[in-house]
There are 2 protein chains.
Amino acid sequence: MSHLEQLLKNAKQRCLVSLMHANNEIGNLLDVNAVGDLCRTYNAVFHSDTVQTVGHYPLDFNRSNIHFATGAAHKFHGPKGVGILFISDSVKVNPMIHGGGQERNMRAGTENVPGIVGFAKALEIASKQMETDQDHILRLKNLLANQLVQTIPGVRFNGDWDGQSLYTVLNVSFPRTPQSELLLMSLDMQGICVSAGSACSSGASQGSHVIQAIPGEKEGVPIRFSFSKYNTEAEVNQLVQKLKEIL
Amino acid sequence: MSHLEQLLKNAKQRCLVSLMHANNEIGNLLDVNAVGDLCRTYNAVFHSDTVQTVGHYPLDFNRSNIHFATGAAHKFHGPKGVGILFISDSVKVNPMIHGGGQERNMRAGTENVPGIVGFAKALEIASKQMETDQDHILRLKNLLANQLVQTIPGVRFNGDWDGQSLYTVLNVSFPRTPQSELLLMSLDMQGICVSAGSACSSGASQGSHVIQAIPGEKEGVPIRFSFSKYNTEAEVNQLVQKLKEIL
């Protein structure tokens with residue numbers, strides 16, 4: 001926050017601040033209200049990537065002084081390939097795609113109607129049972145963390161995992177061994193889908209830039225475990241059992 | 001074609017030629033092979049909006065010397081909101097949306113998987129029975145044209161309707177009367193959906209720029225009738241009956 005304030009204070013012109021509400025790989029949560037207040041003070045425009053949090057936390061973009069926010073349906077069991085861009089009434093932007101007047105002139109082209117309806121319905125369902133789902137998913141995350149500490153020597157967790165963090169993500173750093181280096185594939189063969197980073201960089205040969213930026217974390221093998229309301233304690237137990245066998 | 005050749009001949013630098021394969025409002029078809037040959041001669045890059053023709057005509061972009069072509073699934077009974085951009089191997093372009101490496105680095109973002117699958121399946125179905133559907137739909141278009149000429153005095157057709165024209169579209173110019181000016185709404189109330197222009201300009205207060213560009217056509221009331229393989233002769237007869245009553 002102090003670095004951001006310093007940047008804003010020294011800016012020669014009006015700034016655009018773009019900060020994720022939650023990091024997709026390690027789950028760290030940003031205090032968007034505090035950032036929004038700071039942006040208001042320095043007259044900056046504030047965009048937040050809220051892809052990880054729409055449908056998982058109650059959000060009030062107006063309260064947070066957010067000018068732009070983005071969200072994606074597949075993060076809360078909606079259809080893939082449809083998202084939102086929130087634009088505050090207080091700002092104006094030019095569209096990137098010109099032509100017809102669709103989507104309030106912001107994006108020309110025939111609308112993805114099934115996707116849009118699916119987004120709205122999925123958000124409605126997610127909002128209705130948000131607290132119940134939060135409790136259930138956080139329990140799974142903590143269960144996995146506790147079991148891993150007891151089972152895998154040298155295991156660590158990346159990010160602010162037991163603090164201001166997504167309840168849906170646990171990023172685990174395993175000690176580097178021939179077994180852990182193949183962990184993604186070994187788990188996949190057991191029917192357990194996990195990720196080494198973000199989907200946007202899948203197939204990339206380089207490691208995650210997020211993990212690389214954490215001091216001392218280059219040595220481990222990072223794996224991102226994600227939980228949904230459809231996961232169960234039995235699945236967490238099964239996962240830990242498989243990890244023990246593989247490692 | 002001679003105007004295009006003149007423009008290309010006088011061009012000071014490499015040109016981008018963008019011409020629709022078929023006009024969406026009046027159905028006029030372009031000879032894309034001839035335009036492609038001309039573009040090749042003058043080393044121009046050729047884009048064609050093939051939205052009206054993908055799934056309705058056999059297309060060979062390589063044969064036509066097309067560098068870029070666009071298509072949309074909802075034009076051949078696929079889902080709304082998903083389209084294709086064809087890019088020839090012979091050209092390179094920069095993406096408009098940067099980020100992840102999705103869609104061969106051309107469009108970052110989680111893919112619309114159900115839409116993409118739906119596009120492919122709809123195109124497969126459309127391609128399988130293309131000739132049968134063509135014959136059926138062209139019969140409906142000609143049936144409507146013939147019946148209108150016999151039934152509505154002063155009716156005219158816009159574009160090259162009985163020549164090089166889409167078999168799916170008939171653009172009719174009705175003499176301007178208090179009744180014909182409300183025709184769109186009157187037909188809608190009878191459960192018959194027609195269009196006054198393109199969907200991209202629906203709700204616009206101005207008339208169609210395509211119709212306005214046809215000499216002498218500003219005086220009539222243009223209505224675009226579109227046919228699909230699901231329409232029947234009985235529906236055409238019903239439509240003509242309703243038009244007679246309304247007008």
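Convention: sequence-line order gives letters A, B, ...; per-chain numbering from 1.
A 6.0 Å sphere centred on CE of A:M189 holds no more than 12 heavy atoms belonging to other residues, nucleotides or ligands. Around the CD atom of A:E219, the shell of radius 6.0 Å holds no more than 12 heavy atoms that belong to other residues, nucleotides or ligands. Other residues, nucleotides and ligands place more than 12 heavy atoms under 6.0 Å from the CD atom of A:E181. No more than 12 heavy atoms of other residues, nucleotides or ligands lie within 6.0 Å of CD in B:Q164, so this atom counts as exposed by the packing criterion.
A ring pair (Phe, Tyr, Trp, His ring centres under 6.0 Å) check over residues 80-108 of chain B, counting only residues at least two apart or in different chains, returns the pairs B:F61-B:F86. Sequence neighbours left out, the pairs with a member in residues 79-90 of chain A that pass side chain to side chain donor-acceptor pair (under 3.5 Å) are A:S88-A:S90.
Among residues 68-79 of chain B, the residues having any heavy atom closer than 4.5 Å to a heavy atom of chain A are, in sequence order, B:H74.
Remark: B:Y42 engages B:E5 in a side chain to side chain donor-acceptor pair (under 3.5 Å) (not counting sequence neighbours).
Heavy atoms of B:V82 lying under 4.5 Å from chain A are absent altogether.
Of all the listed residues (B:V113, B:I116, B:I97, B:N112), the one sharing the greatest number of non-hydrogen pairs under 4.5 Å with chain A is B:N112.
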